[in-house]
Each structure stands twice: as C-alpha cells, then as structure tokens.
Amino acid sequence: MSEPLRIALAGLGTVGGGVIRLLEANAALIARRAGRPITISAISARNRSKDRGVDLSGYAWEDDMVILGERPDVDVVVELVGGADGPALALARTTFEAGKALVTANKAMIAHHGLELATKAEAAKVAFKFEAAVAGGIPVIKALKEGAAANHIDRIYGILNGTCNYILSTMEDTGRDFADVLAEAQAKGFAESDPSFDIDGIDAAHKLAILSSIAFGTAVDFGPVAATGIRRVLAADIAQADALGYYIRLIGMAETEFDAAGQRRLFQRVHPMLVHRDHPLAHVDGATNAVVAEGNFVGRLLFQGAGAGDGPTASAVVADLIDIARGDIGAPFSIPAAELEQARPADSGHRTGKAYLRFTVADRPGVLAEITAAMRDAGVSIESLIQKGRAAVGSTETVLVAMVTHEGPESAIAEALRLLDGSPSLAAPPLVMHILED
Ligand code: HSE
C-alpha cells in the first residue's frame, strides 16, 4: 500500500472528535477504499487541557493552529474551527501558500471567502474540499459535482438548518410557541446558547450561497442572499397553515433566471415558507436536512439526512480526505474559479406565487375592510381568509387575520404592505411567508 495521507486537525470540538473516532474505527476500510492509510500527524485547538474523550497522546500539538499549514509532516489540513475570518481564514491561506490541501466544514468562511480560497487552491494545484460545510452528512456537493454534473440545474432548495427544523416541527407537534421550544432546545443542547445564526437564517444562507455556486457555476456570493429566520413564526401560524394543508419550514431557495436584457440573474433567499403537505420537504422533521436539486435531464433529486452532529459531519470530512488520498484535486466549485460567472442578483418583485399573510390587528370595526382594500388597490387577490380569536398586545385587544393569496407577483404583496405601513390598525408588523406548492 502507498504512503499514508498525513493530516493535521485544527479544532477538536464535536466534529474534530468525530473525525478522530471515525479514522480510528474504520481505519482498515478507509485505507482500502482510499488506496492508502489516512493518519493524523498534528492537532491544535483553543484549549489543550480539555478532556475530549479521545486519546490525543500520539499526535503532535501546536498551540498556534496556523503553524499546522506549514508542517512538513502534513499533506492536508482539516479546519474545524469555524468563523468566517480569524484563525480559520489565516490557516486556510497559510495552507494553500504552503502548497497543501484543505478540508473544512466552515460554511461561513466559504460563503464569504470561497472565491479567493478556491483561486489560491487552484494556483497551488491542491485540493480544497468542503462537503461537511453544507447539510452535514448529506453528500450533496459530491452529488452535484459528480452524479448530476451533466445537468443544467434549474433550481436548488431545501431545509438547510436542523435547529430551525427541529423548532418548527416541535411547534407543529406540540402547539407550543417559538420561545418556549427554543429554550427547551437550548437546554437539551440542540440549539446554541447564542442561536441567532441558526434562527435568523444566516447559517442556512451560508450553505445556500455555497450550493448555488456549485449548482449554477456562479461565483459564490453571500452578500445578496436575503435571509429571514423563524423568530416571528407563531404557533397560530402553524395551526393556520395546517388547517390550509401546509407545514411551515425554513427553506433556502436558489434559482437562476434571465432578465429582459438576456443577462443571467441569481435569486437566493432563505425564509420560512408554507410547504404543501404533498411536497416531500413537508415531511422532513426534527433536526434533519434535505436538499432538492432539479436538473434538466435527471429531473428532481432529493437528498435527506443528518445535517449536523459528530458522526454525520465526520463522515463528510473523511469522504473528502478519501478523495484527496485517491488523487482527486478537482475544482473546488466544480468549474475553475476564474470561469465562475459573476451573476447579478435577481429582483424578487416579479416572482410569482401564492403567499400567506398574517396581520395582528386592533379588534375594531373597519380594520378588515382596510386590509382588504389595500389588497385590492395593490392587485392582490385573496383566496382564503381566517380571523382568529382575541389576544392582547400591550393594552390593545387584537385579533390575528391570516390569509392566503391567489398566485400573483411578489411586488403586489410588497405594495399592499406599503399601503398599510404605519396604519394604526396594525398592532404588529405583518408576516409574509411564500408558499411552496411543488
Ligand atoms: N447549526 C447548524 C444546524 C448545523 O442547526 O443545522 C451546522 O451548520
């Protein structure tokens, strides 16, 4: 058997520990599949003395993780530290400058600096792989780069954040409100103590930016990804959606389209959507992720599995290492970095579809007429409307008015909300969720 592939591990948290355990537990199988053993030369983490439940005594320790990229006994650095900038980015740059390969699970770093890092890796003719950065254990990047490589991908979308999916599906099962379920998820360790990246849709937006680059051959562009999280989804919204035949899921959606001048535009959005109960994503529950890719020859592909956790994420990291051990360098985003298209962001206004709108309004005569007049004036056609019982917002008695629109342009809904903006009838800002039918 050939020389081992020697790796360095930066970051020994949940995923780092999982990588060590996986490389040990499946060493013989991995060596046979990779054509050579994969061994760990050196490690680094913020805290050396922490007990991680794995024996680290056989590995050299570096206090400064950036040094890992320069060690002569290392072929590949595995970066599991996280963060868009800081030590992770310094390590990635050093690794490529030293002519070594990098495997990372760091979605934030790739979403912000993916093009620069891919350019550096390609110049150094080394691998830069990040299967674990998107949807944890689901091999969706590999599927897009290899199995579906012959297709134009028309649309890619899915459930990209397990924390949000756990919260929404638990709200659905129990009828409890967001804050209550979030607190329980934090107590059980499912949600971070600062959950904002997850629940505000940023984590999913990072993953979506990476997926859309690989799917469409466009330069990764996180800036224009519109992200709305799940903080404002009420148990009442979930109940209304259910009554109408929908489940609420946080969906990351990316599509390319052509504008009037024939220029390709990139639409990327993360927001809670009502998903029709016949759609496969409606039935993805708990902390699971799922990705749908629509190819022009293969049709609809659905990938589903664990989006986080030590085992699934380690599985994706080690799959990348096996590819590198086999000699697969490949272009990080499937197409060489210099050839990725710089597609401008799409204008969402002309997108058409059905939407769910929920208003929290003062309970007095004329309020419903005011809302429906705004809909009429903006050209929004209402398919159904439900008014739900009273609740107090401050000293005001309020009711919830939920409606589903007929198919129409998003710009008309935006115009209706603009007409209602500042109305004393509204006790809270309205919530709009678009609808995913098929
Ligand atoms: N925090 C993420 C989630 C997993 O909840 O899905 C890592 O991206």
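Along the sequence shown, residues are numbered consecutively beginning with 1. Atoms within each ligand, like the ligands themselves, are counted from 1 in listed order.
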Residue, atom name and distance, where the atom is the protein heavy atom closest to atom 5 (O) of ligand 1 = Thr163 OG1, 2.5 Å

More than 12 non-hydrogen atoms from neighbouring residues, nucleotides or ligands closer than 6.0 Å to NE2 on His350, yes or no?
-> yes

Salt bridge Lys129-Asp328, side-chain N to carboxylate O under 4.0 Å = yes

Arg48 side chain to Asp63 main-chain N or O, any donor-acceptor pair under 3.5 Å?
-> no

Which atom names give the shortest non-hydrogen contact between Thr313 and Gly136, and what distance separates them?
-> OG1-CA, 4.3 Å

Atom 4 (C) of ligand 1: the protein heavy-atom neighbour that sits closest, reported with distance to 0.1 Å = Ala308 CB, 3.7 Å

Side-chain donor/acceptor of Arg231 to backbone N/O of Ser196, under 3.5 Å = no

Provide the number and element of each atom of ligand 1 under 4.0 Å from a heavy atom of Lys207.
-> 2 (C), 4 (C), 6 (O), 7 (C), 8 (O)

Asn161: numbered ligand 1 atoms lying under 4.0 Å from its heavy atoms = 2 (C), 3 (C), 5 (O), 6 (O)

closest protein heavy atom to atom 1 (N) of ligand 1 is Asp198 OD1, 2.9 Å

To the nearest 0.5 Å, tell me how far Ile141 CD1 sits from Phe130 CZ.
-> 5.5 Å

Nearest non-hydrogen protein atom, atom 8 (O) of ligand 1 = Lys107 NZ, 2.7 Å

Atom 6 (O) of ligand 1: the protein heavy-atom neighbour that sits closest, reported with distance to 0.1 Å | Gly162 N, 2.6 Å

Atoms in ligand 1 with a heavy atom of Asp203 nearer than 4.0 Å = 2 (C), 8 (O)

